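Quick notes on the structure that follows.
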Protein chains: 2
Amino acid sequence: MTKPPVIDPRRTLTLRDVSEASGVSEMTVSRVLRNRGDVSETTRERVLEAARALGYVPNKIAGALASQRVNLVGVVIPSLSNMVFPEVMTGISETLEDTGLQPVVGVTHYSPEREESVIYEMLSWRPSGMIVAGLEHTEAARAMLAQAGIPIVEVMDIDGTAVDSAVGISHDRAGRQMAEAILAAGYRRIAFLGTMMPHDHRARKRLQGFEEVLSRHGLTLADREFYSGGSALLKGREMTAAVLDRSPDVDFLYYSNDMIGAGGLLHCLDRGIDVPGKVGLAGFNGVELLDGLPRKLATMDACRLEIGRRAAQIIAAKHPDGIIGGEVIELFPTLQPGDTIRRV
Amino acid sequence: MTKPPVIDPRRTLTLRDVSEASGVSEMTVSRVLRNRGDVSETTRERVLEAARALGYVPNKIAGALASQRVNLVGVVIPSLSNMVFPEVMTGISETLEDTGLQPVVGVTHYSPEREESVIYEMLSWRPSGMIVAGLEHTEAARAMLAQAGIPIVEVMDIDGTAVDSAVGISHDRAGRQMAEAILAAGYRRIAFLGTMMPHDHRARKRLQGFEEVLSRHGLTLADREFYSGGSALLKGREMTAAVLDRSPDVDFLYYSNDMIGAGGLLHCLDRGIDVPGKVGLAGFNGVELLDGLPRKLATMDACRLEIGRRAAQIIAAKHPDGIIGGEVIELFPTLQPGDTIRRV
DNA sequence: ACTACGGCTGTTAGCGATAACATAGGTGAT
DNA sequence: ATCACCTATGTTATCGCTAACAGCCGTAGT
């Protein structure tokens, strides 16, 4: 009664193969495999058995086309290698886990053009939502996102205009806050050490806020040093050495991230410099790494995990297709003074 | 002559919209957008203009279904947070960039079941190839991969049987090599400090090779300490403290990764322990971080970038569909003695 | 002038699934 | 016994795009 199985063993299987093997219609197989609609227990078992025996893997491409539904969420981030985005990813995955949605990551390397093309590629797969780092995008990218008809969440930063929703912290405010704390502790000759990346808008905004507070107190940066590429820890050491060499009277080093801050801290300890007495230090991000250092670096956590979670929640909530207007969620980082700022 | 544009502005655009807007057939639009087949210059421009004006984004789902081609490569890795896989990813992205192929990442958290389901999900999108970390998978996962009819590359490890191709190093050999070097330097009371993860097969194989060399020299591990979760740097400190406390006569600490090794090193330096005179240390991976430490930790690089590149090359090469038999590429890590093993 | 051919465009038929509706039995209420 | 109704299954028509082939036109060769 069954057809002879003279089919090409290389050919990939379809619903039809399973349906023939189990003697029911393709539709019923589809129902079983998706757990949707009523199917009798005996049929269900027969179908599952056949599917398993054949090693059938559904074709989601066809499924998505037919159902106009895709369980993918695009996540566009600048980099995977700096510790901060993986943590956002963790928050996203965690939250999406229970929703049937799945994150798909794209990396832009801080290039707006690459970001545009990554967004284009992703949208062409018609995801259920998009999470994009930052508020700065090319004109075209913004337009695509706005038109896509799906929930868009821009994360990390809220200083600017969101396409739809946004979850993040104010980096400007974070910079100010750190400046206040440093000034309150009595430091006055302050240097900045950071990345050279022209498209790291968040670092830029922090510095901006930072400098503004300084200037409000009649101060300017005593020195500044930039780097790009290479081992951040090592760069932190080198930059710190350079700054302290060049400006021996500097009494505070403000780093654009914890990794170079940690390098600077190690350098100071090596040199026997009194921290935080003679020189204070502070970074940004609150990375786990800091816990293992000989002394705890002052920092400000960027709420990375929480940002990922909230962003994913927004996507998941809108999933059922009620196009609600975008919401902007501001999170507030806490200052962790650590051991590298004088206590007042 | 043109239909009144009374269409729902929310509706997502299709080829038909562009075709109507530019006055040519859908097929011609498709040809223009894919740069395939002959299209006159004037038509091409008209179409591109229309597509741009409308903000049309092609539907790759439909495209993939029709053409039976998907430009995606699935990459399945255990984790994003430990520095080693992001680097593999970098090698992969880099190499895939010129091929029109695009990596899609899935994370398993070292869980075989999760790995199986990630693989299933990915295969259901019919990617052009798969890159999977490790050689150990569930029965079902192996079967799916083998049946998929696409190039499969298992990366990081070559001690075992590959489903198709493999690119990696022998962790067993790496463990042996490190043991030889340690013994050659005269250390005899050796402790191991590592992760508790039952599914980190590569760490297990390294330890296995390591212990075998010890036992060939009539030795066994003097102590061992395991951890899971938390800040690796901090854990490294804590574990090291514990071991040195418990077994004060230990003269070498072999760590399963550089991060905890670095923590251990910092601890020893804090305590003023003579490294490498009284106690030697070694890690594994060759992470960039080490460059910034006060002293360079002995390690062995895992060829991560190169592994990513070679794996991607294999996928790209097979892309045109000649199902060549699998190849196994062994890379050879080099021992970097650093400053934490006595020179002989 | 006739044929051949290459450049350009259109037509037709799926790709493999699912939504929506249709149908065959059984069940319970009246 | 009749009808309404629910369960379990099948049928039909897309989804948006591309492969494959078909057609038209102009130019060049003979």
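Reckoned from all heavy atoms, side chains included, excluding hydrogens, waters and symmetry mates. Residue numbering restarts at 1 for every chain, and letters A, B, ... go by the order of the sequence lines. Just so we're clear, the structure is a prediction, and the values are computed from it rather than from any experiment.
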Worksheet item: What residues form a side chain to side chain contact (heavy atoms under 4.5 Å, CB included) with A:Ser25, not counting sequence neighbours?
Response: A:Met27, A:Thr28
Worksheet item: Closer than 4.0 Å, any side-chain N/O of B:Gln68 to the OP1 or OP2 of C:dG16?
Response: yes
Worksheet entry | Partners passing side-chain hydrogen bond (donor to acceptor under 3.5 Å, both in side chains) against B:Ser30 (at least two apart in sequence or in another chain) | B:Arg34
Worksheet item: Of all residues at least two apart in sequence or in a different chain, which pass the side chain to side chain contact (heavy atoms under 4.5 Å, CB included) check with A:Leu65?
Response: B:Ile61, B:Ala62, B:Leu65
Can you give me every donor-acceptor pair (side chain of residues 138-145 of chain B, partner residue at least two apart or in another chain, under 3.5 Å) with its distance?
| unit_1 | atom_1 | unit_2 | atom_2 | d |
| --- | --- | --- | --- | --- |
| B:Thr138 | OG1 | B:Glu116 | OE1 | 2.7 |
| B:Thr138 | OG1 | B:Ala141 | N | 3.0 |
| B:Arg142 | NH1 | B:Leu135 | O | 3.3 |
| B:Arg142 | NH2 | B:Thr161 | O | 3.4 |

Worksheet entry | side chain to side chain contact (heavy atoms under 4.5 Å, CB included) partners for A:Glu136, two or more places apart | A:Asp157, A:His201, A:Lys205
Fill in: d(CG, B:Leu65; P, D:dG16) in whole Å
12 Å
Worksheet, complete the sentence: When rounded to whole Å, the CZ to P distance for the pair B:Arg36 and D:dC17 reads 16 Å
Pull out every protein N or O sitting under 3.5 Å from an N or O of nucleotides 25-28 of chain C, one pair per line with the distance.
none

Discussion item. Looking at B:Ser30, I'd like to know whether one of its side-chain N or O atoms comes within less than 4.0 Å of OP1 or OP2 on D:dT18.
Written reply: yes
Worksheet entry | Qualifying residues under salt bridge (Lys or Arg N to Asp or Glu O under 4.0 Å), relative to B:Glu97, sequence neighbours excluded | A:Arg114
Polar atom pairs between nucleotides 11-13 of chain D and protein, under 3.5 Å, N or O only, would you list them?
none

Worksheet item: Which atom names give the shortest non-hydrogen contact between A:His199 and A:Tyr110, and what distance separates them?
Response: CB-O, 3.3 Å
Practice prompt. Would you please confirm or rule out a distance under 4.0 Å between OP1 or OP2 of D:dC17 and any side-chain N or O of B:Arg16?
Written response: no
Response to the item:
Sequence neighbours excluded, the answer for salt bridge (Lys or Arg N to Asp or Glu O under 4.0 Å) partners of B:Arg16 is B:Glu20, B:Glu26
Item to complete: Just jot down the side chain to side chain contact (heavy atoms under 4.5 Å, CB included) partners of A:Ser81, sequence neighbours excluded, or say none.
Response: A:Ser79
Response to the item:
Among the nucleotides D:dT18, D:dC15, D:dG10, whichever has the atom closest to the side chain of A:Val24 is D:dG10
Fill in: Contacts of B:Gln102 that satisfy side-chain hydrogen bond (donor to acceptor under 3.5 Å, both in side chains) - sequence neighbours left out
none
Practice prompt. Check the distance between C:dA17's C1' and A:Arg69's CZ and give it to me in whole angstrom.
Written response: 12 Å
Fill in: Euclidean distance, atom CZ of residue A:Arg126 to atom P of C:dA17 [Å, nearest integer]
21 Å
Item to complete: Could you check how far CD1 of A:Ile61 sits from P of D:dC17, rounded to whole Å?
Response: 14 Å
Worksheet, complete the sentence: Within residues 37-60 of chain A, the residues having a heavy atom closer than 4.0 Å to DNA chain D are A:Asp38, A:Val39, A:Ser40, A:Thr43
Worksheet item: With a 4.0 Å cut-off, would you call B:Arg309 and B:Glu306 a salt bridge?
Response: yes
